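Order of appearance sets the numbers: ligands from 1, and atoms from 1 within every ligand. Here the structure is a predicted model, which is why all the values come from computation and not from measurement. These numbers come from the heavy atoms of this one structure, side chains and all, not from hydrogens, waters or symmetry mates.
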Amino acid sequence: MKLGMIGLGKMGFNLVGNMLRHQHEVVVYDVNAEPRQQLAEQGAVPADSIAELVSNLQSPKVVWMMVPAGEIVDGVIDTLIPLLSEGDIVIDGGNSHYKQSLARGEKLRAHGIHFLDVGTSGGTDGAAQGGCFMIGGNQEGFAAIEPLFEDIAVDQGYLYAGKSGSGHFLKMIHNGIEYGMMQSIAEGFELLDKSDFDYSYEDVARVWSHGSVIRSWLMDLTQNAFAKDPKLEGISGVMQSSGEGKWTVETALDLQASAPVIAMSLFMRYRSLESDTFHGKIVAALRNEFGGHGVVKSN
Ligand SMILES: O=C(CO)[C@H](O)[C@H](O)COP(=O)(O)O
């Protein structure tokens, strides 16, 4: 099929490569000219603007957005609306908040445009070789492009989950699980590191990756990371986050559901951004006040 891709960062770029390998025709646009040019060399049709991209498509026009979550998504949708017609399909494959996807679905529905909110997982390799897609939104729109997902997903790696928002909700929960799993793996290795035993962490990750209950892609990636740097001395322990863990915890609070592992994983990320804390000083001061316990003086 023929479709347009807006946003050629790591994920969008690799998805286009995957689509081209499966003989789909892809018209590509990004604010940066370089990835457009690189993909043109692989057979994509480069466009200099969103309007040019849309004019290169046939009805029903299918436009996939792979741009950073937030205002940029709304900006692209506002640009697309006057360029599209009833029955056309807009896909948001980024990590948007599901509530925003619900609202965007409504907005596009008012123009007769189908909207699909698609959570995309599998990292950059998955995007290039076969990813995992969690799809919400208009069922008619999904049915029209299901063959695309059959091609670009790993075997059984796509799911039409239901109404608008359900794809991005599923991806948000997936990322919450991801936080908890990564934190748990990390804590296990921290305990090994603090013990009296002398382990090769690469070997440990390898053996845990083979037949153990905790074997997983994340464990494979742990092995890869230790293979490159046996004690990870080249990187600091600052753990950034881009919002999905926070949204998962906010959702747990809204639902009055308990999600302690995911919540603590999120807070551990925040803690890693600070080298010292005011609350730490207070607890240390109080221990000193009530028990005369020693404090570490600051420089
Ligand atoms: O969606 C992803 C993986 O599934 C992205 O890599 C996302 O950035 C991960 O979340 P965070 O940046 O908060 O760790």
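A cation-pi contact, defined as under 6.0 Å to the ring centre and within 45° of the axis, is absent between R109 and F115.
Closest protein heavy atom to atom 8 (O) of ligand 1: S242 OG, 3.3 Å. The protein heavy-atom contact nearest to atom 1 (O) of ligand 1 is K171 NZ, 2.6 Å. Nearest to atom 5 (C) of ligand 1 among the protein's heavy atoms is N95 ND2, 3.9 Å. Closest to atom 6 (O) of ligand 1 among all protein heavy atoms lies E178 OE2, 4.8 Å.
Protein heavy atoms are found less than 4.0 angstrom from atom 14 (O) of ligand 1.
Backbone and side-chain nitrogen or oxygen atoms of T120 are examined, and none is located within less than 3.5 angstrom of a nitrogen or oxygen of ligand 1.
Ligand 1 places these atoms under 4.0 Å from at least one heavy atom of N175: 1 (O), 2 (C), 4 (O), 7 (C), 9 (C), 10 (O). Close contacts between ligand 1 and H174 involve ligand atoms 4 (O) [criterion: under 4.0 Å to a heavy atom]. Near S241, the atoms of ligand 1 lying under 4.0 angstrom from a non-hydrogen atom of the residue are 13 (O).
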Under the criterion side chain to side chain contact (heavy atoms under 4.5 Å, CB included), I'd like the reasoning laid out for L8 against N32: C-alpha separation, chi angles, the key distance, then a yes or no. CA-CA 8 Å; L8 305 174; N32 295 316; over 6 Å; no
### Query
For L15 and W64, what are the C-alpha separation, side-chain angles and deciding distance, and is it a side chain to side chain contact (heavy atoms under 4.5 Å, CB included)?
CA-CA 10 Å; L15 274 174; W64 187 311; 3.8 Å; yes
Could you check K2 against H24 for side chain to side chain contact (heavy atoms under 4.5 Å, CB included), going step by step and ending with a plain yes or no?
-> CA-CA 6 Å; K2 188 168 185 179; H24 296 286; over 6 Å; no
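With a 4.0 Å heavy-atom cut-off, ligand 1 is reached by the side chain of R269 but not by its N, CA, C or O.
For F290, the CZ atom counts as densely surrounded, since its 6.0 Å shell holds more than 12 non-hydrogen atoms of other residues, nucleotides or ligands.
The only member of D88, I145, I113 that meets side-chain contact (heavy atoms from CB on, under 4.5 Å) when paired with P60 is D88.
If you look at F189 and W208, their ring centroids are closer than 6.0 Å.
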